[in-house]
Engineer: 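The structure follows.
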Amino acid sequence: MRNTRLAPYLLIAPSLLFLAVLFLVPLVQTVALAFQADGPGGAAWSTANFARMAGDLNFADAIINTFEIVVIVVPLQLCLALGMAMMLRHVQRGRDIVLWIWSIPLGISDLAAGLVWLAILTDQGYLNTVLNWLGVVKGPQSWLSYETPIALLAAIVVAEAWRATAIVLVILVAGVQLVPKEYGEAADVFGATPWQRFTKIMLPLLKPSIQTALILRTVLAFEMFAIVLSLGGRNFPVLVSEAFTWQYANQNFGVAAAYAVVVMVISLAATLVYLLALRTPPEQR
Amino acid sequence: MAEIVIDAVRKAFGPVVALESVSLRVADGEFLALLGPSGCGKTTLLRIIAGLETQTSGRVLIGGQDVSALPPRKRGLAMVFQNYAVFPHMTVAENVGFGLRMSGADKAHIARQVAQVAALLQIEPYLQRYPGQLSGGQRQRVAVARALAIEPAVLLMDEPLSNLDALLRLEMRAELKGVLQAAGTTTVYVTHDQTEAMGLADRIAVLHAGRIVQIDRPTDIYRNPATRFVGSFVGSPPMNFLTLPVANGHVELGSLRLASPTNAATVVMGVRGEDLEITAPGTGFPFAVRVVEPMGSHTLLTGSVTGQMIRVVAPSDSRPAPGDVLHVRPLQGHVSWMDAATGAALETKNR
């Protein structure tokens, strides 16, 4: 009896141990590092790292850029994925193939994706070749420099949407499959238009899946790095690329840790907001 | 209120034919049951009437209007689904008022209508609850209330009672009949349960392999099945069938000599278990009892006649022992004859 009660805990113990050693410990160390600074008597608790981070020229830009991207990309991806999931429901034959093609970007690393888009958008890239051929531009045109911030932002948004909409789609498609089709049929019989069926029936019933997708996407969008770096370089600082710069270029681990803590706090706050705002009470399940 | 006309509706799913050119007329205010085993096409026919499925050919008319090309929401009907399809994210009141909200009715009218049908189906105490907090029977009532709230011209029901336990089903059946009789709605009710169809319907259409094999009043279906299939599907226990040789236009069974409606080599005699009476030796045919089941209201005897199994519904005080040989005979005028090859009923003179 005692053995069977213990068994589940023993079985999950290795994964708990693994997470504790390789996740919790570094987390605590990072937080500690962020809140320590070298004083006259060696390392002491202080907020100097945060002060230095906030005083940096790039800090405001990094915050604004990061939020700009999250606020544009996440809703865009949600809308795109919802539309794709709804269309996919009406595909009778070749449904799996369509889903498979749509998920291809999931298998590509974000650095590779960034380089693909760089090849398209760079001065002598495919886009300019086509535009030049169409007579829209004359000669190489720069899209990704600090002089063209809107074009740069748009490029990052497009690349990010291309790369990561599929994960939202996959979560939503799984959610759609859990909604019995009788609900839609009942709404149809009782007079709901297709749009009303979507807003009054499908969206509320998809809420748990939307919540999962939004949490995942938002947290990952706040941590966006490789695509931004490959397209914008240092012209487009975001929080994680700043952490990277402080860690490796400036060799200041304390400020880098402070950035990491900021990203973590923002991610946790976003997750909390989603958990509360998109809560499904148990009686409505 | 509206009449439904199904005009030569055919439905094929790829190479599989679900319905073979079905024609049917449901009168205004009539309660018609579509009865048949699973896979007979009854649910497909109902879904075609609702517009949830598109027929391969043929027309559907509701109240004289051809609705064949209209989506469900424009057909002016309501439906009760087998698994209720009560929206889990809406309260009972929101569910019941859903159809009226979609049609843009004003709030006062919705509130009045919801209160009225809630009273009719006795779900007033649950109006502010969510379906997840209700039992299966209560959810069933919500589904019926939602359908009645819009005062539909046509009500479609797809096995609405099949998910309830036996006792609740009996209770809901009687209640449903009362409620729908009062409403006077044209109703098409799909079921595989012949007692439900018998108890509820004005007329029953028996479907078999995508065709309507008989459409008639319940008692006529029960008494005069059009085919051997109908006789064996309707009634519990099913009708007994004895395949007998024909000689000189007659069949002989024990001391009985009955006129055969056919001169074919063999004919099938159909007789219901309760239409067989136990009689004195020499006036009927011998029946070797194998199993005796006292059912309370009657005793069900299973045994054989000329090597063929039949069931006899005997009075409850009749307690033969297994192995006994009784003598039974059919009641006058309660014998059906079927063609031995096709199973179709034959015209008889002695009916």
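Lettering of chains follows the sequences in order, A, B, ..., and the numbering in each one begins at 1.
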Engineer: State, with a plain yes or no, whether a side-chain heavy atom of B/F98 is found less than 4.5 Å away from one of A/I201.
Structural biologist: yes
Engineer: So for atom CD1, which belongs to A/I150, do other residues, nucleotides or ligands contribute more than 12 heavy atoms lying within a distance under 6.0 Å?
Structural biologist: no
Engineer: Kindly give the heavy-atom pair with the smallest separation between B/F87 and A/Y183, and that separation in Å.
Structural biologist: CE2-O, 3.3 Å
Engineer: What part of A/K200 gets closer than 4.5 Å to chain B, counting heavy atoms only: side chain, backbone, both or neither?
Structural biologist: both
Engineer: Report the distance from atom CD of A/E283 to atom CG of B/L134, rounding to the nearest 0.5 Å.
Structural biologist: 11.5 Å
Engineer: Measure the spacing between CD of A/E182 and CZ of B/F81 and express it to the nearest 0.5 Å.
Structural biologist: 7.0 Å
Engineer: Side chain, backbone, both or neither: which part of B/V80 has an atom under 4.5 Å from a heavy atom of chain A?
Structural biologist: neither
Engineer: If you compare all heavy atoms of A/A186 against all heavy atoms of B/R146, which two are closest, and at what distance to 0.1 Å?
Structural biologist: CB-NH2, 3.9 Å
Engineer: Between chain A and each of B/A85, B/A143, B/A50, B/G76, count heavy-atom pairs under 4.5 Å; write down the option with the most.
Structural biologist: B/A85
Engineer: Taking atom CZ as the centre, does A/R95 end up with more than 12 heavy-atom neighbours from other residues, nucleotides or ligands that are less than 6.0 angstrom away?
Structural biologist: yes
Engineer: Chain B heavy atoms under 4.5 Å from A/T280: which part of the residue, side chain, backbone, both or neither?
Structural biologist: neither
Engineer: With a cut-off of 6.0 Å (strictly less than), are more than 12 heavy atoms of other residues, nucleotides or ligands near NZ of B/K177?
Structural biologist: yes
Engineer: For atom CZ of B/F13, decide whether the heavy atoms of other residues, nucleotides or ligands shown that lie under 6.0 angstrom number more than 12.
Structural biologist: yes
Engineer: Could you tell me which portion of B/I150 (side chain, backbone, both or neither) has an atom closer than 4.5 angstrom to a non-hydrogen atom of chain A?
Structural biologist: side chain
Engineer: Look up atom CZ in B/R73 and atom CD in A/Q196, then write down how far apart they are to the nearest 0.5 Å.
Structural biologist: 8.5 Å
Engineer: Which pair of heavy atoms, one from B/M79 and one from A/F190, lies closest together, and at what distance?
Structural biologist: O-CZ, 3.5 Å
Engineer: Of the backbone (N, CA, C, O) and the side chain (C-beta and beyond), which part of B/R47 lies under 4.5 Å from a heavy atom of chain A, both, or neither?
Structural biologist: side chain
Engineer: Tell me, side chain or backbone of B/A147 under 4.5 Å from chain A's heavy atoms, or both, or neither?
Structural biologist: both
Engineer: Which one of B/A78, B/S103, B/P88, B/G132 has the most heavy-atom pairs closer than 4.5 Å to chain A?
Structural biologist: B/P88
Engineer: Verify the neighbour count for atom CD1 of A/I104: are there more than 12 heavy atoms of other residues, nucleotides or ligands below 6.0 Å?
Structural biologist: yes
